[in-house]
Amino acid sequence: MKEKTTAIVLAAGQGKRMHSKIQKQFLEIQGHPVLYYSLKCFQESPLIHDIIIVTGEDMISYCKREIVERYQLTKVSAVIAGGKERYDSVYKGLLACEECKYVFIHDGARPFITEEILERGMFGVQETGACVVGMPSKDTVKVADEADFVSETPDRKRVWTVQTPQIFSYDLIKKAHESIRKKDMTAITDDAMVVEQESGVHVRLVEGSYQNIKITTPEDLDVAEVFLKKIEKM
C-alpha cells in the first residue's frame, strides 16, 4: 500500500468513572497496560505506517520508556501532549502528522481492535473519505426529553453504537477540525460529528466488534479479562 497511513492513539483521558488514581489507559490487563494492546495491533498491521501517541504532558516520559521502548513499538514516530478536551488532543495529533493520506483516530482505552477491523475501516475510507467502526445496537434505545420522559424510540435496526478507530482522509479531517475550532464545540463527542457538521461528507459505518469495548468503569476491566483469555485460546 503506497499511501501513508497514520494512527493517532489518544491516551490523555482522565478516566474519572474508573475511580482510580491511575488513568484507565495505563491500568493493566494480564500484566500489560490497556494502551499496549491497541498499539500492538497498529504496530503489527501492514496498513499502518506510523503511530502518534497523544497523552498528558506528565505522562510523555512514561509512555516513551514503559510502553514504546519496553514493547519495541518502532512505528511510534511521536509522543505528544494532548489538550484540555478530546477534540483538542485530536487536533494536536493531526498537526503532528507528516504527509499522510489517511488517519486512524483511536481511543487508547479500547484494547481489542483487530486487523480485520482495520481492514474494513481502510476499505470504507478509500470509498468515501470518512468511515467509523461501530456495531448495531443490541438494545432498544430511548431518546429522552429535558424532563427525562421518553420522547422518541428510534428503530433499533437503524441505531448503531459507534466505536473507534474513526478513519478519514487526512486533508478532510484536518480541514474540518480547523473549521469547527472557530465555533462552539461543547457538543462535539467524536470526530465523525466534526466531519458531518463541517464538510457535508457522508460518514460510512462499518462493522467493528462487540468485543471492541472502551474501558471506562471497573466492570469493564473484568469483562476485558474475560475477552483476553478467550482471545489467547484462539
Side-chain angles (χ1 to χ4, degrees), residues 1 5-13 15 17-20 22-55 59 62-63 65-76 79 102-125 131-139 160-167 190-192 204-234:
M1 186 178 162
T5 302
T6 297
I8 297 174
V9 181
L10 305 173
R17 283 178 286 180
M18 186 60 72
H19 305 298
S20 171
I22 302 174
Q23 294 167 334
K24 58 189 177 183
Q25 59 270 20
F26 302 119
L27 292 170
E28 291 192 352
I29 309 173
Q30 293 194 16
H32 302 296
V34 168
L35 177 61
Y36 155 77
Y37 293 96
S38 59
L39 291 172
K40 180 176 183 288
C41 181
F42 286 126
Q43 171 74 25
E44 295 177 351
S45 173
L47 297 175
I48 304 299
H49 296 91
D50 72 332
I51 303 166
I52 295 170
I53 300 174
V54 186
T55 190
M59 296 302 293
Y62 173 86
C63 283
R65 182 182 67 254
E66 297 298 329
I67 295 181
V68 178
E69 294 177 8
R70 176 184 176 188
Y71 296 109
Q72 299 181 328
L73 301 174
T74 56
K75 286 185 181 179
V76 175
V79 181
Y102 300 111
V103 59
F104 283 63
I105 301 172
H106 185 65
D107 288 327
R110 288 188 187 271
F112 298 124
I113 54 169
T114 64
E115 181 64 18
E116 290 76 17
I117 291 174
L118 301 188
E119 289 174 357
R120 290 193 290 269
M122 180 57 74
F123 181 79
V125 76
C131 171
V132 301
V133 304
M135 292 299 289
S137 176
K138 295 180 180 181
D139 302 313
W160 285 53
T161 55
V162 173
Q163 305 171 348
T164 65
Q166 301 194 352
I167 311 105
D190 74 347
D191 298 291
R204 170 66 61 85
L205 286 161
V206 299
E207 187 175 294
S209 167
Y210 288 118
Q211 288 190 2
N212 186 22
I213 62 172
K214 186 175 183 180
I215 306 299
T216 304
T217 67
E219 292 79 13
D220 295 330
L221 278 175
D222 295 334
V223 174
E225 290 277 358
V226 174
F227 283 166
L228 190 56
K229 289 177 181 178
K230 180 181 177 181
I231 291 168
E232 290 174 345
K233 290 180 179 179
M234 294 175 66

Is any side-chain heavy atom of [X] closer than 4.5 Å to a side-chain heavy atom of [Y]?
| X | Y | result |
| --- | --- | --- |
| Leu118 | Phe104 | yes |
| Leu221 | Ile215 | yes |
| Glu66 | Phe26 | no |

Rounded distance (nearest 0.5 Å) linking atom [atom1] of [X] with atom [atom2] of [Y]:
| X | Y | atom1 | atom2 | result |
| --- | --- | --- | --- | --- |
| Glu115 | Glu44 | CD | CD | 9.0 Å |
| Glu119 | Ile117 | CD | CD1 | 10.5 Å |
| Ile52 | Phe42 | CD1 | CZ | 12.0 Å |
| Thr74 | Asp50 | OG1 | CG | 11.0 Å |
| Ile53 | His106 | CD1 | NE2 | 11.5 Å |
| Asp220 | Lys214 | CG | NZ | 10.5 Å |

Do the side chain of [X] and the main chain of [Y] share a donor and acceptor less than 3.5 angstrom apart?
| X | Y | answer |
| --- | --- | --- |
| Arg110 | Asn212 | yes |
| Ser137 | Asp139 | yes |
| His49 | Thr5 | yes |
| Gln166 | Asp191 | yes |

Aromatic plane relationship, Phe112 with Tyr37 - under 30° parallel, 30 to 60° tilted, over 60° perpendicular = tilted
Where do [X] and [Y] come nearest, in terms of heavy atoms and distance?
| X | Y | result |
| --- | --- | --- |
| Gly121 | Cys131 | O-SG, 3.8 Å |
| Ile213 | Ala224 | CD1-N, 4.3 Å |
| Gln43 | Ile51 | N-CD1, 3.9 Å |
| Thr164 | Ile105 | CB-O, 3.7 Å |
| Ala7 | Ile48 | CB-CG2, 4.0 Å |
| Tyr62 | Pro33 | OH-CG, 4.4 Å |

Hey, is [atom1] on [X] packed in by over 12 heavy atoms from elsewhere, all under 6.0 Å?
| X | atom1 | result |
| --- | --- | --- |
| Lys40 | NZ | no |
| Gln72 | CD | no |
| Phe123 | CZ | no |

Criterion side-chain contact (heavy atoms from CB on, under 4.5 Å) on Val132 and Leu205, from CA distance to verdict = CA-CA 5 Å; Val132 301; Leu205 286 161; 3.4 Å; yes
Any side-chain donor-acceptor pair under 3.5 Å between Gln211 and Ser209?
-> no
Can you list the steps and then say if Tyr210 with Lys138 is a side-chain contact (heavy atoms from CB on, under 4.5 Å)?
-> CA-CA 10 Å; Tyr210 288 118; Lys138 295 180 180 181; 3.4 Å; yes
side-chain contact (heavy atoms from CB on, under 4.5 Å) between Ile29 and Glu225, intermediate numbers included = CA-CA 6 Å; Ile29 309 173; Glu225 290 277 358; 3.9 Å; yes
Partner of Ile67 under side-chain contact (heavy atoms from CB on, under 4.5 Å), chosen from Thr55, Val76, Leu35, Val79 | Leu35
